[in-house]
2 protein chains.
Amino acid sequence: MGLRERKKLAAWRTIRSAALRLISERGFDAVSVEDIATEAGVSRTTFFSYFPSKEAVAFDLDPLELQQWRALLEDGVHDDRPLWEALTELFVDVARLLPEWLPVQKRVVQDCPGLANSARGSCDSFAPDLRAWISRRLPDGDELRTALVFNTALAAFMTAVEAWDPDDSFDELLELVRTCLRWAGAGLAHPVS
Amino acid sequence: MGLRERKKLAAWRTIRSAALRLISERGFDAVSVEDIATEAGVSRTTFFSYFPSKEAVAFDLDPLELQQWRALLEDGVHDDRPLWEALTELFVDVARLLPEWLPVQKRVVQDCPGLANSARGSCDSFAPDLRAWISRRLPDGDELRTALVFNTALAAFMTAVEAWDPDDSFDELLELVRTCLRWAGAGLAHPVS
DNA sequence: ACCCAAAGCTGAACTCAGTACAAGTTCGCA
DNA sequence: TGCGAACTTGTACTGAGTTCAGCTTTGGGT
């Protein structure tokens, strides 16, 4: 990894930290992009060269961690299992990318529920890869089936994240993710698993 | 229904029609709220008293139709069936609220994918009622199970809407909704239904 | 050690979404 | 006919997001 790239990542993290620090103190709406840029020691223009929007700075995933997760996907770490089980573990791996700041993010969404949709936007970063992965493992690359599997699995994942209490341990979250995906995979029409 | 209320609904529909007419001509980004208000013969301020945002005017559901759907829910039209089957039919009923402008809305989302999240926002109007309905029909009102059932069913529904080709008949959409919910309910871990 | 092209940073100026509010208008209803 | 509530409107403001031309940094090659 070149030096230029390392600097860029450092800047990214500086801005994000500054943003979440301010947001966790004052709340999302009470912090302007100007404030964040100043706190991070860059200009407003530079802020927008790193993050496409104010929401993004609160919810985007760390580029390096994301890249590492993509590597897991490419290497087919879980490919010895049946589709849904492998998918479950991939989502557990995604959950591992959300540590540290997840409590803050949850408080942000609690405060202004309108941002729940923006929060979902952070999935856009890994969604295409995951969809392609599913499609590859499905007969014919059936489009409808692919979309359905991906969307419902994602919904189960989001349910787990929303249900998790930040006061509980992080392992609790991983277990919740497994539970939700197991239930969804087993069929929600059945009374209870 | 009082006269005042009828006028309000009429105004709502006038603004929405104007908006979708302009948007389908020029595209979402090329139309400003100013343009829409002018086309509808009202002021910008009035526009925002009817719609909380520019996205809302493209995606919100007709208040009257929504109210009628709520009535279905209250009357328990499908309550003689098992939970998931009843839920499926309720989503089919929701789908019936999306006729006319759905093709335009799909084109809008195609053009600027960033709006896919906003599109999801139109579900906020019926989501609370539906969640409560599910919770009522679940033992103990189990919160996690309620969230999971609701979120995955919604995901299946959205999958059907996204998969539907506007050139196909509307019944095709209703059938897609049933198919997606049946698959999701049966359990996606199983190879194929 | 030096050079230079590319990459990155910045301030200024702009558009437009969304909010607040005070003043005016309409209209159902008694 | 007149009252009060609901609706409308213009104005003025904040802040997100874009564009761009010019400045500084820097890292890789000679």
Side-chain angles (χ1 to χ4, degrees), chain A residues 1-16 18-20 22-23 25-60 63 108 111-119 121-122 124, chain B residues 1-16 18-20 22-23 26-60 63 108 111-115 117-119 121-122 124:
Chain A
M1 197 163 125
L3 177 105
R4 214 126 199 182
E5 212 172 346
R6 248 178 299 139
K7 282 206 156 185
K8 193 154 188 172
L9 180 60
W12 188 96
R13 286 178 173 161
T14 301
I15 298 173
R16 126 147 298 168
L20 290 177
L22 290 182
I23 288 173
E25 283 167 8
R26 305 185 210 163
F28 189 82
D29 288 335
V31 175
S32 72
V33 172
E34 185 80 51
D35 294 335
I36 296 170
T38 302
E39 174 85 2
V42 298
S43 74
R44 226 174 64 90
T45 311
T46 301
F47 173 93
F48 281 111
S49 87
Y50 280 88
F51 297 93
S53 69
K54 187 183 169 189
E55 285 91 40
V57 83
F59 297 112
D60 273 8
V108 168
D111 286 354
C112 26
L115 294 175
N117 294 321
S118 314
S122 63
D124 295 350
Chain B
M1 197 164 125
L3 179 119
R4 212 125 199 184
E5 212 171 348
R6 249 179 297 139
K7 282 205 159 186
K8 194 155 188 170
L9 180 60
W12 188 96
R13 286 179 172 160
T14 301
I15 298 174
R16 127 149 296 171
L20 290 177
L22 291 181
I23 289 172
R26 306 186 210 161
F28 188 82
D29 289 335
V31 175
S32 72
V33 171
E34 186 79 50
D35 295 335
I36 296 170
T38 302
E39 174 85 2
V42 297
S43 75
R44 226 174 66 88
T45 311
T46 300
F47 173 93
F48 281 110
S49 87
Y50 280 88
F51 297 93
S53 69
K54 187 183 167 188
E55 283 91 38
V57 82
F59 296 113
D60 272 9
V108 167
D111 287 354
C112 27
L115 294 175
N117 294 321
S118 314
S122 63
D124 295 349

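Lettering of chains follows the sequences in order, A, B, ..., and the numbering in each one begins at 1. All values below come from the heavy atoms of this structure, side chains included, with hydrogens, waters and symmetry mates left out.
- Helical stems of DNA chain D (runs of at least 3 Watson-Crick or G-U pairs, donor-acceptor distances under 3.5 Å) are listed by first residue: C:1-30 with D:1-30.
- The stretch residues 40-60 of chain B participates, sequence neighbours left out, in no salt bridge (Lys or Arg N to Asp or Glu O under 4.0 Å) pair at all.
- Summarising the geometry, the separation between NZ on A:Lys54 and P on C:dC16 is reported as 22 Å, rounded to the nearest angstrom.
- Across the protein-nucleic acid pair, B:Phe28 atom CZ and C:dT15 atom C1' stand 15 Å apart, rounded to whole Å.
- Each of B:Val31 and B:Lys7 was matched to the nucleotide of DNA chain C holding its nearest heavy atom; the match closer to the 5' end belongs to B:Val31.
- Across every non-hydrogen atom of B:Phe59 and B:Ser122, the tightest pair is O-CB, 3.1 Å.
- The nearest whole Å value for the distance from the CZ atom in A:Phe51 to the C1' atom in D:dA16 is 16 Å.
- Summarising the geometry, the separation between CG on A:Asp29 and P on C:dA17 is reported as 19 Å, rounded to the nearest angstrom.
- Here D:dG15 presents its C1' atom at 10 Å from CD of A:Glu34, a figure rounded to the nearest Å.
- There is a side-chain donor-acceptor pair under 3.5 Å between B:Ser32 and B:Asp35.
- Counting all heavy atoms, side chain and backbone alike, B:Phe48 lies closest to B:Ser53 at CE2-CA, 4.2 Å.
- A:Phe48 has its CZ atom 17 Å from the P atom of D:dC20, to the nearest Å.
- At whole-Å resolution of the value, CG in A:Leu3 and P in D:dT25 are 16 Å apart.
- In this structure, B:Leu115 atom CG and C:dA17 atom P are separated by 12 Å, rounded to whole Å.
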Show me the protein contacts with nucleotides 3-13 of chain D, counting only N or O atoms at under 3.5 Å.
unit_1, atom_1, unit_2, atom_2, d
D:dT8, OP1, B:Tyr50, OH, 3.3
D:dT9, OP2, B:Ser43, N, 2.9
D:dT9, OP2, B:Ser43, OG, 3.4
D:dT9, OP2, B:Thr46, OG1, 2.6
D:dG10, N7, B:Thr45, OG1, 3.2
D:dG10, O6, B:Thr45, OG1, 3.2

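- Put simply, the side chain of A:Phe28 reaches to within 4.5 Å of the side chain of A:Leu115, judged on heavy atoms.
- For A:Glu39, the salt bridge (charged side-chain N to carboxylate O under 4.0 Å, His left out) partners at least two apart in sequence or on another chain are A:Arg21.
- Remark: A:Arg6 engages A:Met1, A:Leu3 in a side-chain contact (heavy atoms from CB on, under 4.5 Å) (not counting sequence neighbours).
- Under the salt bridge (charged side-chain N to carboxylate O under 4.0 Å, His left out) criterion, B:Arg13 pairs with B:Asp62, sequence neighbours left out.
- Of the residues B:Val42, B:Val31, B:Leu20, the one that meets the side-chain contact (heavy atoms from CB on, under 4.5 Å) test with B:Ile36 is B:Val31.
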